[in-house]
Amino acid sequence: MEKAKIHLYTPQLACYFLSINQAWIEMYFTMEAFDIAQLQKPQETIRDHGGEVLFAEWDKEIVGTVALKKINEAQYELIKMGVSPKAQGKNIGFQLGEAALNWAKGQGATKVILYSNSLLAPAIALYRKMGFKEIPMECGTYERCDIKMEYIFSSDFQGF
């Protein structure tokens, strides 16, 4: 498998955060107010609060993205992971996930959580492959989510 080049957020890449995520969200669900805010203003809603947005470049094109929203000093939430249809099946999502976990650990995280929906079976399988485990979900977090997962860094985690 070809290795994707991972980029951190720049204002020039922000349009891909919107377009890639809007495509999959609207395919399965409806955009919610928090989606619109995060996707249109990632600097203000994610990065200014200690999070980050990562992008995957493959074949000289941005084809994937994921963000980490800071919850507290030790915890981040993996949000808005998407890969363009033409790049799916090329391990791009896994590479983005690895980069996101490495980034979070580098910030001092001990845990990364995520919320998803059981309709997104390939995404759930990817998260499990990355080492996320399903945990009980609290009520009322996100309207479309029915699964919560977490990744707890082991004390000997050195990165992927």
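The figures that follow rest on heavy atoms only: side chains count, while hydrogens, waters and symmetry mates do not.
Contact detail for Ala99 and Leu54: the closest heavy-atom pair is CB-CD2, 3.8 Å. Residues Trp103 and Gly50 share a closest heavy-atom pair of CH2-O, 3.5 Å. The heavy-atom pair separating Ala4 from Ile92 by the smallest distance is CB-CD1, 3.8 Å.
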Margin query: Between Asn117 and Cys145, does the side chain to side chain contact (heavy atoms under 4.5 Å, CB included) criterion hold? Intermediate values first, please.
Written below: CA-CA 5 Å; Asn117 187 289; Cys145 297; 5.7 Å; no

Check: How far apart are the C-alpha atoms of Ile46 and Phe17, what are their side-chain angles, what is the distance that settles it, and do they pass the side chain to side chain contact (heavy atoms under 4.5 Å, CB included) test?
Finding: CA-CA 12 Å; Ile46 299 166; Phe17 187 58; 3.9 Å; yes

Next item on the list: Starting from the C-alpha separation in whole Å, work towards a yes-or-no answer on side chain to side chain contact (heavy atoms under 4.5 Å, CB included) for Met81 and Thr65.
Entry: CA-CA 6 Å; Met81 180 183 258; Thr65 186; over 6 Å; no

Margin query: For a side chain to side chain contact (heavy atoms under 4.5 Å, CB included) check, start with the C-alpha distance between Ile6 and Phe55, then their side-chain angles and the critical distance, and finish with the verdict.
Written below: CA-CA 6 Å; Ile6 305 297; Phe55 298 87; over 6 Å; no

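Note on residues 118-133: pairs passing salt bridge (Lys or Arg N to Asp or Glu O under 4.0 Å), not counting sequence neighbours, are Arg128-Glu134. Sorted by first and then second residue, the salt bridge (Lys or Arg N to Asp or Glu O under 4.0 Å) pairs with a member in residues 99-127 read Lys111-Glu150; sequence neighbours excluded.
Linking Ile, Leu, Val, Met, Phe, Trp and Tyr residues whenever their side-chain heavy atoms come within less than 4.5 Å places Ile36 and Met27 in a single cluster. Leu39 and Tyr115 sit in two unconnected hydrophobic clusters of ILVMFWY residues. Membership requires side-chain heavy atoms under 4.5 Å apart, directly or through other members. Val83 and Leu119 fall into different hydrophobic clusters, where Ile, Leu, Val, Met, Phe, Trp and Tyr residues are linked whenever their side-chain heavy atoms come under 4.5 Å apart, directly or through other members. Leu96 is connected to Trp58 through a chain of hydrophobic side-chain contacts under 4.5 Å among Ile, Leu, Val, Met, Phe, Trp and Tyr, so both are in one cluster. Leu101 and Leu78 fall within the same hydrophobic cluster, where Ile, Leu, Val, Met, Phe, Trp and Tyr residues are linked whenever their side-chain heavy atoms come under 4.5 Å apart, directly or through other members.
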Please list, one pair per line, the donor and acceptor atoms closer than 3.5 Å that link side chains of residues 7-14 to other protein atoms, with sequence neighbours excluded.
residue: His7; atom: NE2; partner: Glu57; partner atom: OE1; Å: 2.6
residue: Thr10; atom: OG1; partner: Gln12; partner atom: OE1; Å: 3.3
residue: Thr10; atom: OG1; partner: Leu13; partner atom: N; Å: 3.4

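Counting only heavy atoms from C-beta outward, the side chains of Ile71 and Tyr76 never approach each other to under 4.5 Å. Side-chain contact between Leu120 and Phe29 is present, with at least one heavy-atom pair separated by less than 4.5 Å. Within the 4.5 Å cutoff, the side chain of Lys70 has no heavy atoms near those of the Glu52 side chain. Between Phe34 and Thr45 there is no side-chain heavy-atom pair separated by less than 4.5 Å. You'll find the side chain of Met137 stays beyond 4.5 Å of the side chain of Ile147, heavy atoms only. Taking the side chain as every heavy atom from C-beta outward, Leu126 and Phe132 never approach each other to under 4.5 Å. Counting heavy atoms from C-beta on, the side chains of Lys69 and His49 never come closer than 4.5 Å. Contact check for Tyr151 versus Ile113: no side-chain heavy atoms found under the 4.5 Å cut-off.
Note on Arg47 versus Glu44: no salt bridge recorded, every NZ/NE/NH1/NH2 to OD/OE distance being 4.0 Å or above.
In the displayed structure, Glu143 atom CD is contacted under 6.0 Å by at most 12 heavy atoms of other residues, nucleotides or ligands.
No option in Ile25, Ile20, Leu18 other than Ile25 meets the side-chain contact (heavy atoms from CB on, under 4.5 Å) test with Lys80.
Side-chain contact of Tyr16 with Glu61: a donor-acceptor pair under 3.5 Å is absent, judged by distance alone.
Between the side chain of Asp35 and the backbone N or O of Met31, no donor-acceptor pair lies under 3.5 Å. A donor-acceptor contact shorter than 3.5 Å links the side chain of Gln95 to the backbone of Asn91. In this structure, Thr110 contributes its side chain and Ala74 its backbone to a donor-acceptor pair below 3.5 Å.
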